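Data first, discussion second: the structure below is written as structure tokens.
These numbers come from the heavy atoms of this one structure, side chains and all, not from hydrogens, waters or symmetry mates. What you are looking at is a predicted structure, and each value in this text was computed from that prediction instead of being measured.
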Amino acid sequence: MPFWKKDPVKKEIFTNVAEGLRQVYKSKLLPLEEAYRFHEFHSPQLDDCDFSAKPMVLLVGQYSVGKTTFIRYLLNEDFPGIRIGPEPTTDSFIAIMNNDHAGTIPGNALVVDPSKPFRPLSKFGNAFLNRFVCSQLRNEVLETVTFIDTPGILSGEKQRVDRGYEFTQVLEWFADRCDRILLLFDVSSLDISDELKRAIEVLRRNDDKIRIVLNKADTVDHQALMRVYGALMWSLGKVLGTPEVCRVYVGSFWSKPLQFDSNRRLFELETKDLFDDLESLPKTATLRKLNDLIKRARLAKVHALIVSELRESMPSVFGKDSKRKELINKLHLVYEKVQREHNIPLGDFPKIDRMQESLRNMQDFTKFKILDKKLLERVDRMLAEDVPKLMSMIPQEEHAFLQLQSQTTQNTTADKSTIFNDQQSTPFELGGVEGINAGLGETDWIVTRSRHEYDEVFTHLSPQNGKVTGAAAKQEMVKSKLPNNVLGRVWKLSDIDKDGMLDIDEWALSQHLIKIKLDGHELPNILPDHLVPPSKRHLISASSSAEGNSSIYPAINSVTGGGEQNTSGDS
């Protein structure tokens, strides 16, 4: 092949994943997007700051569902420009970002700042930019994540008032670039207005990022909360149109006293799950950007095939306008032809009604570019060669991130805390004084509180030489109806001297562990020191507590979470 026909793109050497994504996008995917006018149909061109920006969390919901209060709850402080009230008070899109100097930046100045990923928003005009502001303050949470607060979605007559800009298009722009979308609902207003329905429809393209939050759940009692939850699931099922059940986090994300505290345990567990999900965003941000680039590349390929097929179907001289209308009205036939000839999954195609709307704005299909196989092959090589190479670099970067995070945690002073860790090492930590941690720091052995019950059962088991055999203990322990793998773990934790039998102290410990499990808590992989019977503590001190335990005790995810794991040899 002559040298002038060779592909000029060379293999890049990537220093990190973000830089590698920027290089492959600029050199291999962007030429395909520009050739087939991808940016006019689907999404604007990606800038350099899109690959280096911090993870973004977008909050969407009707007015008075607690979006701004939720952000304030996470930050533990007010941010510049905050407005909280029972009626629509947040009338702007607010980007809350970290900066040493607190203040606000108006939208027109914000979109010309090359260091921030908001430059493409200038296309929505002054009507939007006058309702867009950046709020900056120094906060530990904002060092790794950016929050986007949105105006409350209106209902009733209010939603008929024109905002002056395309609200759903702005939402879609943020949704394409954010890492998490929090869709908030209030237990007192579950109706889905027309504007909210349109907003959810544009967010559905990024359904893997959506998390549903049922806020202010403490304002109703247990029975009403069950009904509210069912009504919310029914409403969402009609709008989202998916057979899968959405993950809904139930809680009250504010600092007010709980009106109905009967569900406190539920709120604590739900809050922990949601915060764990948000806290993982910095670690998984690079993987999300890689995933979004792959989806964009697949969509760009399909778009190029559709546009080139429309170009080839156009007549050369007469009847262009009538043929153009026919192709738009029968676009599904074009989809079927492209799918059949190129063996492309139907899920990769853009929504037909949206594509038809964009095509109606194009006056002459003959100006579309014919199919350039070289551009498609370049994108295919990107997906086949560059993407796997970048994916192999992600574990190294995640490990480096965790090391840096650990060093930062050790170097920070004790007074610096965030909503994610301000309860750690306190009695109010989830599971801090419950379950396996009950009795921690107390002088008396906690098992003695119910010792008379355990000793009575022990006596009825007819102990020999002060101990009960495994067969006798099993008949009593299975009455708890716990599975064998759990009872096997209880036995291994309780048989401290490893003689295959339980004395009266070890039996009391086993009953205490069973009670912990029946109360809904998890068991540890190694028995904590405060649960060791006083009569056995000399055995623990004589030999290392870790010796042999790693192979004897089955591992679990954590003390307060994670499911039981099957273990071989438990009985």
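Between the side chain of Thr144 and the backbone N or O of Pro282 there is no donor-acceptor pair closer than 3.5 Å.
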Point to revise | Criterion salt bridge (charged side-chain N to carboxylate O under 4.0 Å, His left out) on Arg489 and Glu522, from CA distance to verdict | key: CA-CA 11 Å; Arg489 179 182 303 175; Glu522 297 299 325; 5.2 Å; no
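With sequence neighbours left out, Tyr249 forms a ring pair (Phe, Tyr, Trp, His ring centres under 6.0 Å) with no residue at all. Not counting sequence neighbours, the partners of Ile82 by the side chain to side chain contact (heavy atoms under 4.5 Å, CB included) test are Thr68, Arg72, Asp78, Phe79, Ile84.
Looking only at side-chain heavy atoms (C-beta outward), Val248 and Val213 stay at 4.5 Å or farther from each other. Annotation: side chain of Ser392 is not in contact with side chain of Pro388 (no heavy-atom distance under 4.5 Å).
With respect to the salt-bridge test (charged N to carboxylate O, under 4.0 angstrom), the residues Lys515 and Glu453 do not qualify. Residues Lys209 and Asp292 are paired through a salt bridge, judged by an N-O separation under 4.0 Å between the basic side chain and the carboxylate. One finds no salt bridge joining Asp503 and Lys467 here, because no Lys/Arg side-chain nitrogen approaches an Asp/Glu carboxylate oxygen to under 4.0 Å. No salt bridge links Asp149 with Lys67; every basic N to acidic carboxylate O contact stays at or beyond 4.0 Å. Remark: Glu77 does not engage Arg138 in a salt bridge, criterion side-chain N to carboxylate O under 4.0 Å. Note on Asp218 versus Lys256: no salt bridge recorded, every NZ/NE/NH1/NH2 to OD/OE distance being 4.0 Å or above.
For the atom pair CD1 (Ile148) and SG (Cys178), the distance works out to 8.5 Å, reported to the nearest 0.5 Å.
Under the 3.5 Å distance criterion, with hydrogens and angles disregarded, no donor-acceptor pair is assigned to the side chains of Asn98 and Gln136.
Residue Leu214 comes nearest to Asp186 through the heavy atom pair CD1-C, 4.3 Å, listed as atom of the first residue, atom of the second, then distance. Smallest separation of non-hydrogen atoms from Asp277 and Arg180: OD2-NE, 2.7 Å.
Crowding of Glu442 atom CD: a count of heavy atoms from other residues, nucleotides or ligands under 6.0 Å exceeding 12.
Between Phe253 and Phe275, the ring planes are tilted. Angles from 30° to 60° get that label.
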